[in-house]
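What follows is a single structure, written as structure tokens, with notes after it.
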Protein chains: 2
Amino acid sequence: MGVTGGRRERLRAETTAEIKQVALALMAAGGPDAITLRAIAREMGMTANAIYGYFATRDDLVSTLIHDVNTELADTIETAMRGAANGDDPGGPVRAWAGAFRGWALANPQGFRLVYGDPVPGYRAPEGGAAPDAALRLCLALMAVAAAAWPYAAPLDEGDFDWSDFDAGLREKIRPAFPELPPAGVALGLRIWGHLHGLVVLEIYGHLRAQTSSPNKLFQSELAGLLRSLGLPPAGPAERLI
Amino acid sequence: MGVTGGRRERLRAETTAEIKQVALALMAAGGPDAITLRAIAREMGMTANAIYGYFATRDDLVSTLIHDVNTELADTIETAMRGAANGDDPGGPVRAWAGAFRGWALANPQGFRLVYGDPVPGYRAPEGGAAPDAALRLCLALMAVAAAAWPYAAPLDEGDFDWSDFDAGLREKIRPAFPELPPAGVALGLRIWGHLHGLVVLEIYGHLRAQTSSPNKLFQSELAGLLRSLGLPPAGPAERLI
DNA sequence: TGATGAAACTATACGGCGTATATTAACCTC
DNA sequence: GAGGTTAATATACGCCGTATAGTTTCATCA
């Protein structure tokens, strides 16, 4: 176990990265089902079994991919929300979250399916492994949305929630970051997620295709309705001041 | 082509029904991926290839299952909505639709996945076959919801839709049944679908499990918010008259 | 410098999957 | 009884994930 054994470890990291990259490319081309060890190995010019040296099992590889994709989504949303957090526009975070979420989903439909659909035959791996990390980031972004909207939405809210309705670990992360957000505000964040998730998943999976040719118009209309139902102004601060 | 060949046709129909029933049982037990011809045949005590006499291909079988499940969902929703169409409660259809949709989804999560998720490796079959039938029924139920809510929601609606935004065949079915419903009302129906679909799909796929232990409370809260945003009374006509 | 041993990779095999083809048995119709 | 449709079978092929054993590569250290 030499301390200077950096070279082989670097090679190993590169090969690992290439495996994941090829797997993502295969998934983008043919869906999650196209992630087969043989196909990856074929693409890389090596044997399928060699991959077992990098991932204990195919599900491990898939789990890692899910984590990576989830992280990418979290990055996208966090970036979009940083640009919208000017404080003058309480609807900004909602619009940023919604736009980033749908935009990323439409740009990476296979990744969206991998994370939010049935991944592949196998099961989800770790029962508490790496996925929650990125999922937590997504949830915290949602809470930022809820925190921005809550002062406006609170008078309209009729939900009856308390902290015991939510995961204890989640609560510990939320309360320090958003001390002003009550349980009903957390619920609001999750509701906004579900609210917007529906149209996106229907669009990604093609279930809207038989009905409308303008899913974007539908989504924008729904977003406007969401903003209105939250008591938020429909557009930026300029219009709100008029 | 004898006219009296009823016996064999009856046997054939029975075997066909048994194949589908076994396939649904397998799906309920192990997810859509568990639908394998071999497993079905094993369960029925015959050879996998014998199924090719009843279904040209495995995808044909899956398509038929999707159609059956979709029909069951449409039946459930239509029944629930018939019970809510007393005319005195404009929010009744929305609540009936939402309750029936989520209730059916929770009672048949595998069926829900089959219809609204990635079915199985293979493709969807007919590009215009049997599935649209049931999908149309679901859509018409949605339009009944929208028609009941539209007189209340219209003043709040800010969508800008016209008929060209929707499928021509769909329009022909909608207009005779709901002549008072403008394009924005149709969009409202689809939006309600997407609105409620999101939380249900997140719950079915387990993505809410890490956050909340009360998905039902969350859904009811969201439903109340939907009713409010539509300008509808939150409960039955009794409360509305107060 | 050269042996050592871990790591990367290959070769081969097994069972399960969907599918295709050819074959046999049962049945109704004429 | 003959002809033709249908049910069911046996067998084979290729692809999949996985397991095991064997081979090459190469950093490490005496």
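No experiment lies behind these values; they were computed from the predicted model shown.
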Point to revise | Aromatic ring pairing B:Y205/B:H207, orientation class (parallel under 30°, perpendicular over 60°, tilted between) | key: parallel
Review point. Parallel, tilted or perpendicular: which describes the rings of A:H197 and A:W193, with under 30° parallel and over 60° perpendicular?
Key: perpendicular
To the nearest Å, how far apart are [X] [atom1] and [N] [atom2]?
X	N	atom1	atom2	value
A:M44	C:dC9	CE	P	8 Å
B:L37	C:dT19	CG	C1'	9 Å
B:R12	D:dA8	CZ	P	9 Å
A:I51	D:dC16	CD1	P	12 Å
A:Y52	D:dT18	OH	C1'	5 Å
B:I35	C:dC17	CD1	C1'	15 Å
B:R38	D:dT9	CZ	P	13 Å
A:R58	D:dC16	CZ	C1'	9 Å

If only side-chain N and O atoms of [X] are considered, is one of them under 4.0 Å from the OP1 or OP2 phosphate oxygen of [N]?
X	N	answer
A:R42	D:dC16	yes
B:Y54	D:dA8	yes
A:T47	C:dC9	no

Review point. Considering only D:dC16, C:dT19, C:dC9, which nucleotide approaches the side chain of B:T57 most closely?
Key: C:dT19
**Study point:** Residue pair A:R137 / A:N70, side-chain donor-acceptor N/O under 3.5 Å
**Key:** no
Review point. Rounded to the nearest 0.5 Å, how far does CD1 of B:I40 lie from CZ of B:R58?
Key: 8.5 Å
Check your understanding: When we call it a touch if two heavy atoms are under 4.0 Å apart, what does B:T15 touch: a base, just sugar-phosphate, or nothing?
Key -> nothing
